[in-house]
Each structure stands twice: as C-alpha cells, then as structure tokens.
Amino acid sequence: MSTTTATSIFLFLFSLLLTTHSKPIPHLTSPYLSPATISANYDSMVKNFKIFIYKPNPHFTYDSPVQSLFYTALLDSDLATNNTDEAHLFFLPFPPDLPTRSIARLIRTIRTDLPYWNRTLGADHFYLSCSGVGYESDRNLVELKKNSIQISCFPTPPGQLIPHKDITLPPLASPHAPTSNTTTFLGYVRSNWVNDSAIVNELRANPEFLIESEPSTPQIYAQRLSSSKFCIFEYGDGDLSGIGEALRFGCVPVVITDRPIQDLPFMDVLRWQEMALFVGRRGGAKELERVLVRACWERHDQMRRLGTAAGQHLVWNVPPRALDAFHTLVYQLWLRRHTIRYVRRETV
Ligand SMILES: *[C@@H]1O[C@H](CO)[C@@H](O)[C@H](O)[C@H]1NC(C)=O
Ligand SMILES: *[C@@H]1O[C@H](CO)[C@@H](O)[C@H](O)[C@H]1NC(C)=O
Ligand SMILES: *[C@@H]1O[C@H](CO)[C@@H](O)[C@H](O)[C@H]1NC(C)=O
Ligand SMILES: *[C@@H]1O[C@H](CO)[C@@H](O)[C@H](O)[C@H]1NC(C)=O
C-alpha cells in the first residue's frame with residue numbers, strides 16, 4: 001500500500017470518527033421549548049387567566065425579596081379575582097416561618113369551610129415556600145406537597161421539589177448593565193473563597209480563567225460577565241444568583257453538577273440545554289477546560305444568542321413588564337391549570 005493511499009484511508013477513518021462522535025449541533029433560532037405555540041399561549045394567558053387569592057389572617061410579609069416581588073405583583077395584577085367561579089387556580093399565602101403543623105391546620109380549615117380544596121384535593125392550588133414544606137404524615141400536608149404547585153426559590157434544597165409540578169423563582173438580578181463587551185477570559189467564576197471546590201481552586205492556576213472573590217461593585221460584576229465567554233457556577237454549595245445576568249450579558253452559564261438539575265427557573269419554557277453547559281466534577285479542571293474549548297468553536301455563538309434572547313425572562317421589574325420573571329412564572333402556572341375537578345358527591 002502506498003503512503004498516499006494509507007494517508008487517505010487514515011483521513012477517511014479520521015473524518016468518520018469525527019462525524020460519528022460529534023453529534024451535529026442543530027441550528028436553533030428560538031430559546032423556547034415550544035416556539036410554535038408560546039406566543040399564542042402567552043396571549044391567551046394574559047387575556048384569560050384568573051387567580052383567586054385566599055386572604056391571609058393575620059397579614060404577613062415574605063422574607064425573601066423575590067417572594068415579596070411575586071406576591072405584591074400578583075395582588076396588584078389583573079389576574080387576581082374575587083370570583084371563585086372564574087378562577088383557574090387558587091393561591092394560598094402563608095408566612096414563611098409557619099410551622100408545618102400550623103400549615104396543616106390552615107388547610108384543614110379551608111377544606112372544611114370552603115368547597116374548593118376538595119374538588120381537586122389541592123391540585124388547583126399553589127403556594128410560595130422558599131425552601132419547601134417539611135414532611136408530616138398529616139393528610140392535609142400530604143395533599144399540599146403531592147398535589148399543589150409549590151413555588152420555591154432557586155436553588156431548591158435537595159428533595160424539596162417535584163419535577164413537572166413545582167416551579168422556582170429566578171434569583172433577583174442586579175439592574176446594572178455592562179458598558180462594553182470585549183472578551184478577555186474563557187471563563188469567569190465569582191468565588192466565595194471559603195467553599196470553593198477542588199475544580200475551581202485548580203482553575204486558579206490557568207490564566208484563561210478569572211477567579212475573583214466578590215467583585216467590588218455590581219457594575220464590575222456586569223463587566224466581568226460580559227467580558228467572559230463562559231460563567232462558571234457550582235450547583236450545591238455555590239452561589240447561583242448570577243445565572244440570569246450571565247445569560248443576559250452574553251456569558252454562557254456553565255453549571256458544575258454531578259446530577260441532573262430539576263429546579264432551573266422556567267425549565268418547561270426555556271431550552272436550558274441549548275443555552276447552558278452542565279459539566280460533572282469527575283473530570284476535574286482539565287475536562288472542564290476541554291469542554292469549554294470545544295464548545296467555543298462548536299456552539300458558543302448559538303448558545304450566547306439564545307441566552308441573551310432568553311435573558312428578559314429572568315428579570316424582575318417593578319412594576320412587572322411583559323415576558324419578565326413575574327409573567328413567565330405566571331405563564332408556568334397557566335400551563336399547569338388543567339386539573340380534574342371532582343363533583344362533590346352528596347350523601348343522601
Ligand atoms: C377583592 O376584595 C377585596 C376586599 O373585599 C378588595 O380589597 C380587592 O381589591 C378585591 N380584588 C379584586 C381583584 O377585585
Ligand atoms: C371536604 O372533605 C372532607 C373529608 O374528606 C370533609 O370533612 C369536609 O367537610 C369537606 N369539605 C366540604 C366543604 O364539604
Ligand atoms: C454586547 O454585545 C451584544 C451582542 O453580542 C450587543 O447587542 C450589545 O449591545 C453589546 N453591549 C455593549 C455594551 O457593547
Ligand atoms: C459554605 O458552606 C457552608 C456549609 O456547607 C454553608 O453553610 C455556607 O452557606 C456556604 N457559603 C456560601 C457562601 O455558599
């Protein structure tokens with residue numbers, strides 16, 4: 001066999017290897033999981049959605065800013081109704097520090113006094129609880145946890161979220177925008193120095209990465225995000241509050257995690273898999289860098305484009321604006337409004 005034949009066979013095998021091993025990246029123009037229907041569904045939600053809000057007694061305030069923003073916006077919105085016949089969903093507000101037994105008592109009261117809970121055993125009800133509700137074998141609490149829609153804060157403590165039913169509030173983002181965006185770093189990590197993982201500590205030695213303890217100002221933070229190709233977050237102990245800003249400012253989020261994440265904000269609306277990378281810890285910093293370099297030439301531009309398009313959904317505005325965090329949350333509730341209502345059987 002001549003060397004040229006050998007070379008061409010080698011090249012042929014090599015290209016075969018490349019084509020079989022790298023899945024082609026589909027060209028996507030929309031950050032949505034259902035681009036064909038989202039706009040019509042959203043408009044229909046804005047026109048029709050009605051939510052009945054139980055009146056808390058006594059009055060209380062939520063302790064986290066995102067919960068307060070959501071609650072205030074809901075009370076002030078056109079979605080709120082006092083007419084239970086037209087309500088698609090029922091919102092049950094209770095104080096964040098209410099003991100589980102008192103929550104159980106609260107549900108027992110509404111189920112005894114009013115007809116709505118029994119119709120769906122709580123499935124058309126939703127509640128806010130940043131870290132989820134504790135376990136009790138009490139029937140009322142079991143129904144709340146199993147049937148009602150829980151809105152928790154992102155990230156939700158392990159075991160406190162039921163996928164497909166529960167949703168999370170996106171973190172509050174800083175309103176500051178970057179003033180320029182010339183890429184200088186492959187990766188950026190906002191470190192807390194105390195809990196940094198081995199992988200982040202290893203990255204410190206690599207000049208392609210900027211590992212910085214809390215940036216001095218929100219403006220500098222925005223600047224860091226817009227001047228890095230990838231923003232690295234650690235799921236678990238790390239601080240994930242910048243993930244929405246990273247998307248908005250064109251820094252593709254990279255989440256270090258060893259298991260699938262089920263509580264990302266707007267998971268059933270946005271194509272997270274096409275806008276963010278999820279990398280295990282096992283390969284260490286070397287593997288992380290390899291994944292990023294590869295993504296740079298394969299899909300960074302598209303991820304960045306989809307991410308910046310999706311970014312508006314992670315912004316909390318006061319008052320709320322179309323397609324922002326509040327409205328996208330309400331949209332997720334709208335998608336969950338179809339529940340079976342049982343006709344009450346009268347015992348004669
Ligand atoms: C419902 O009733 C309460 C008091 O009865 C009132 O303050 C509130 O504005 C009403 N909400 C709507 C949406 O009509
Ligand atoms: C709802 O069902 C429970 C028992 O399943 C019953 O005790 C309660 O009275 C019912 N509520 C109403 C309003 O009928
Ligand atoms: C940063 O880049 C994006 C597009 O890649 C552009 O839309 C945006 O205006 C830029 N921002 C600044 C501050 O230059
Ligand atoms: C660091 O870890 C400790 C214990 O795991 C945790 O309580 C703390 O909140 C973490 N700090 C940060 C900034 O994530």
Side-chain angles (χ1 to χ4, degrees), residues 41-62 66-96 98-128 133-151 162 165 167 169 316-348:
N41 278 346
Y42 183 89
D43 289 346
S44 161
M45 179 227 24
V46 171
K47 273 202 215 91
N48 304 306
F49 198 12
K50 290 293 169 206
I51 295 170
F52 176 83
I53 303 167
Y54 289 96
K55 206 175 172 59
N57 183 23
H59 176 80
F60 71 93
T61 49
Y62 285 103
V66 280
Q67 285 178 304
S68 297
L69 283 170
F70 177 79
Y71 187 40
T72 317
L74 187 60
L75 287 172
D76 289 346
S77 78
D78 293 337
L79 304 157
T81 179
N82 283 333
N83 177 355
T84 54
D85 287 340
E86 67 169 10
H88 299 93
L89 292 180
F90 293 73
F91 176 47
L92 184 60
F94 52 78
L98 196 66
T100 41
R101 272 166 200 242
S102 310
I103 301 174
R105 237 184 343 259
L106 173 69
I107 295 160
R108 198 174 59 226
T109 309
I110 65 159
R111 93 177 309 143
T112 320
D113 295 354
L114 299 163
Y116 317 117
W117 186 275
N118 279 356
R119 292 190 306 194
T120 62
L121 303 179
D124 58 1
H125 283 55
F126 67 97
Y127 63 97
L128 284 177
V133 168
Y135 180 77
E136 286 261 357
S137 58
D138 176 278
R139 161 187 184 178
N140 299 292
L141 216 57
V142 169
E143 286 178 9
L144 178 82
K145 290 194 69 149
K146 267 177 67 178
N147 301 340
S148 304
I149 303 161
Q150 170 183 276
I151 306 182
I162 303 179
K165 173 176 82 68
I167 53 190
L169 296 162
W316 288 97
N317 295 303
V318 182
R321 290 192 213 147
L323 299 169
D324 69 357
F326 173 72
H327 283 104
T328 312
L329 249 137
V330 173
Y331 179 70
Q332 283 190 297
L333 291 170
W334 175 244
L335 296 179
R336 286 162 174 70
R337 74 195 180 282
H338 296 296
T339 49
I340 298 161
R341 287 183 179 163
Y342 305 100
V343 183
R344 194 171 154 223
R345 245 178 260 144
E346 304 290 345
T347 43
V348 190

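One-based numbering, in listed order, for ligands and for the atoms of each. The figures here come from the full heavy-atom set of this structure, side chains too, leaving out hydrogens, waters and symmetry mates.
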Give, for atom CD1 of I51 and atom CG of D78, the distance between the pair rounded to the nearest 0.5 Å. 11.5 Å
Is the distance from the ring center of Y127 to that of F91 below 6.0 Å? no
Mind checking whether F94 and Y54 have ring centres under 6.0 Å apart? no
Under 4.0 Å to a heavy atom of [X] - the qualifying atoms of ligand 2, by number:
X	value
L114	13 (C)
N118	1 (C), 2 (O), 3 (C), 8 (C), 10 (C), 11 (N), 12 (C), 14 (O)
T112	13 (C)

Flag the pair L89 / F52 as yes when at least one side-chain heavy-atom distance between them is below 4.5 Å, and no otherwise. no
Are I53 and F90 close enough that some pair of their side-chain heavy atoms sits under 4.5 Å apart? no
Honestly, for R139 the part within reach of ligand 2 (heavy atoms, under 4.0 Å) is side chain
Answer with side chain, backbone, both or neither: which part of D113 has a heavy atom less than 4.0 angstrom from an atom of ligand 2? neither
Extract all N/O-N/O pairs under 3.5 Å that connect ligand 1 to the protein, and present each with both atom names and the distance rounded to 0.1 Å.
from: ligand 1; atom 1: 2 (O); to: N82; atom 2: ND2; distance (Å): 2.3
from: ligand 1; atom 1: 11 (N); to: N82; atom 2: ND2; distance (Å): 3.0
from: ligand 1; atom 1: 14 (O); to: N82; atom 2: ND2; distance (Å): 3.4

Let me have the donor-acceptor pairs involving side chains of residues 102-115, under 3.5 Å, with sequence neighbours excluded, atom names and distances please.
from: T109; atom 1: OG1; to: R105; atom 2: O; distance (Å): 2.8
from: R111; atom 1: NE; to: N118; atom 2: OD1; distance (Å): 3.3
from: R111; atom 1: NH1; to: N140; atom 2: OD1; distance (Å): 2.8
from: R111; atom 1: NH1; to: E143; atom 2: OE1; distance (Å): 3.2
from: R111; atom 1: NH2; to: N118; atom 2: OD1; distance (Å): 3.3
from: R111; atom 1: NH2; to: E143; atom 2: OE1; distance (Å): 3.0
from: T112; atom 1: OG1; to: R108; atom 2: O; distance (Å): 2.5

Among V66, N317, L74, find the one that has a side-chain contact (heavy atoms from CB on, under 4.5 Å) with F326. L74
Looking at K165 and K145, would you say the former's side chain and the latter's main chain have a donor-acceptor pair under 3.5 Å? yes
